[in-house]
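To find a chain, count down the sequence lines: A is the first, B the second, and so on, and within it residues start at 1. Quantities reported herein were computed from a predicted structural model and do not represent experimental measurements. Just the heavy atoms: all of them, side chains too, but no hydrogens, waters or symmetry mates, feed the values below.
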Protein chains: 2
Amino acid sequence: MLSKNRIKYINSLKIKKFRQLHQSFIVEGAKSVLELLDSDFEIEFVLTTQEFQQKYSTILTTHNTIAETVTLQELEGLGSFQTNDSCLAVAKTKQNEFLSPDKSEYVLVLDDVRDPGNLGTIIRVADWYGINKIICSNDTTDVYNPKVVAASKGSFTRVNLFYTNLESYLAENATGMNVIGAFLGGSSLYDFQFAKSGGYIVMGNESNGIGKAVEQFVTDKITIPRIGGAESLNVGIATAVMLDNLRRQLSV
Amino acid sequence: MLSKNRIKYINSLKIKKFRQLHQSFIVEGAKSVLELLDSDFEIEFVLTTQEFQQKYSTILTTHNTIAETVTLQELEGLGSFQTNDSCLAVAKTKQNEFLSPDKSEYVLVLDDVRDPGNLGTIIRVADWYGINKIICSNDTTDVYNPKVVAASKGSFTRVNLFYTNLESYLAENATGMNVIGAFLGGSSLYDFQFAKSGGYIVMGNESNGIGKAVEQFVTDKITIPRIGGAESLNVGIATAVMLDNLRRQLSV
């Protein structure tokens with residue numbers, strides 16, 4: 001039986017202020033919780049149905065996880081979350097640690113991506129294409145937002161995000177480096193050659209694209225060629241297409 | 001002042017059964033309604049704020065549109081829709097008409113894509129890459145679902161969908177043609193050469209991929225190469241990457 005305090009605590013973690021206060025966040029659904037158990041995140045506790053607990057008892061024991069058995073009704077009562085099917089975990093957030101590209105590595109830079117679904121999708125796509133560092137503007141949505149975690153489908157455990165003032169960051173860390181920005185009206189992605197030396201790939205805000213403060217550091221303005229009538233592509237889609245072209249070129 | 005009957009009518013169109021009964025559907029938000037006005041869809045009526053009506057009076061008059069002025073509160077009361085900012089239109093659905101590829105044309109085939117957001121995204125992506133025919137299994141979500149319309153960002157006006165039994169359809173229309181299917185574990189997309197002769201590009205269900213009944217017609221099983229740890233890509237993302245590779249190759 002879930003205590004009122006625990007219910008209150010979990011509900012508080014849906015709000016950024018309380019996630020920051022407690023340095024904790026929620027992970028929901030079997031797939032995401034299993035990926036969490038398989039990661040180096042510190043887990044506070046897991047709430048599971050009896051079914052899930054029996055099915056994954058070995059994993060739960062191996063990780064020395066505090067698991068409380070709850071009913072499906074109790075789980076459903078906790079969230080507005082679609083993925084909340086058989087378990088929910090609360091884990092400690094990671095420190096916001098400085099990240100920059102290693103030699104010949106490409107990292108992703110996000111300038112004010114606001115939609116949690118988009119950020120989650122971008123994390124999943126980055127993970128697919130082997131990008132594990134994302135530098136985010138301070139206004140980019142919080143990676144520990146439950147909707148971001150859910151949309152990332154477990155990839156939040158493998159991709160690291162660093163939130164910072166992008167203008168200062170790029171001024172200090174991008175001199176002499178490739179800074180490739182996705183713009184409408186830039187050069188064709190199909191004619192562009194990604195350098196083997198690595199660098200930054202910058203994606204902008206859903207409505208306004210890349211802001212002026214960041215644009216000044218962009219060395220290459222690139223556009224995904226359009227054939228038809230749609231005005232724009234969603235930022236998650238555009239990120240996937242950029243990274244796909246990067247990987248295809250560099251895999252040759 | 002919105003009549004109770006009109007409110008009831010609009011609310012009924014959120015349900016497929018009533019969309020089919022009335023052969024009508026809802027379009028929300030300034031961008032989508034403007035694209036609708038610019039299309040060949042027959043419009044029943046538009047509800048707009050006074051602001052929108054003044055700003056776009058020429059367009060509304062040119063199209064001889066029946067526009068009722070409503071308050072923002074009335075509009076908000078109508079829907080759970082995020083995009084419902086300044087107007088809402090009701091238009092007549094189109095007949096479910098047979099579609100097949102013209103000479104050297106590629107068309108998209110969707111085998112049970114269930115999520116409205118995914119279908120809307122796929123329509124938008126198809127539109128971007130100049131694909132304007134999509135053949136859908138009967139279980140694919142309804143294109144006139146308000147969430148599909150919203151996610152397509154106006155592209156539903158330029159892309160035609162045909163719902164059918166895919167097994168019968170492909171048996172009758174795919175003989176001797178390229179039927180390229182997105183699978184996990186197929187040949188690398190990067191090594192694949194799209195033929196100039198056109199054909200079908202098949203995308204499968206979110207959880208189960210392409211079903212057996214459709215798989216038997218697939219001539220080329222293609223996989224988007226993965227570098228990192230994510231288990232899969234969202235079907236909207238995968239569609240974009242497939243179409244991007246198609247267009248890049250054929251534009252050379």
Side-chain angles (χ1 to χ4, degrees), chain A residues 31-32 34-35 38-39 82 106 115 117-118 120-132 151-159 184 188-192 206-207 224-252, chain B residues 31-32 34-35 38-39 82 106 115 117-118 120-132 151-159 188-192 206-207 223-252:
Chain A
K31 175 166 167 44
S32 294
L34 289 171
E35 297 240 27
D38 200 34
S39 75
Q82 295 176 342
Y106 275 96
D115 180 83
N118 285 343
T121 299
I122 289 171
I123 293 170
R124 183 178 175 193
V125 159
D127 186 26
W128 177 274
Y129 286 107
I131 303 279
N132 54 33
S152 87
K153 302 274 178 195
S155 289
F156 73 92
T157 60
R158 283 177 296 269
V159 179
L184 290 170
S188 165
L189 173 61
Y190 301 161
D191 299 331
F192 183 70
E206 287 87 346
S207 304
I224 299 168
R226 171 175 74 165
I227 317 284
E231 236 175 54
S232 64
L233 286 173
N234 164 284
V235 64
I237 297 278
T239 304
V241 170
M242 292 285 282
L243 297 184
D244 186 73
N245 278 270
L246 167 72
R247 288 310 185 202
R248 180 182 45 75
Q249 280 191 16
L250 296 189
S251 73
V252 177
Chain B
K31 175 163 167 49
S32 294
L34 289 171
E35 297 241 28
D38 201 34
S39 75
Q82 295 176 344
Y106 276 96
D115 181 82
N118 285 344
T121 298
I122 289 171
I123 293 170
R124 184 178 174 192
V125 158
D127 186 26
W128 177 274
Y129 286 107
I131 302 280
N132 54 33
S152 88
K153 302 276 177 191
S155 288
F156 73 92
T157 61
R158 283 178 295 270
V159 178
S188 166
L189 174 61
Y190 301 161
D191 299 330
F192 182 71
E206 287 87 347
S207 305
T223 297
I224 299 169
R226 170 175 75 163
I227 317 284
E231 233 175 57
S232 64
L233 286 172
N234 163 286
V235 64
I237 297 277
T239 305
V241 170
M242 292 285 281
L243 296 184
D244 187 73
N245 277 271
L246 167 73
R247 289 311 186 201
R248 180 181 44 75
Q249 281 191 13
L250 296 188
S251 72
V252 177

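Side-chain contact between Thr121(B) and Asn234(A): absent, with no pair of heavy atoms (C-beta onward) separated by less than 4.5 Å. No side-chain heavy atom of Val241(B) sits under 4.5 Å from any side-chain heavy atom of Trp128(A).
Nearest heavy atoms, Tyr190(B) versus Ser251(A): CD1-OG, 4.0 Å.
Pairs engaging residues 234-245 of chain A under the salt bridge (charged side-chain N to carboxylate O under 4.0 Å, His left out) rule: none recorded [sequence neighbours left out].
The choice from Leu243(A), Asn245(A), Asn132(A) that makes the most heavy-atom pairs within less than 4.5 Å of chain B is Asn245(A).
Rounding to the nearest 0.5 Å places CD of Glu231(B) at 6.5 Å from CD of Glu35(A). We find the CZ-CD1 distance between Arg248(A) and Ile224(B) to be 12.5 Å, quoted to the nearest 0.5 Å. Atom CD1 of residue Ile237(A) and atom OG1 of residue Thr239(B) lie 7.5 Å apart, to the nearest 0.5 angstrom.
When atom types are taken as modelled, the side chain of Asp127(A) and the backbone of Gly229(B) share a donor-acceptor pair closer than 3.5 angstrom. With hydrogens and angles ignored, the 3.5 Å screen pairs a side-chain donor or acceptor of Arg124(B) with a backbone N or O of Ser232(A).
Phe156(B) is linked by a ring-ring contact (aromatic ring centres under 6.0 Å, His included) to Phe25(B), Phe41(B), counting only residues two or more places apart in sequence or in another chain.
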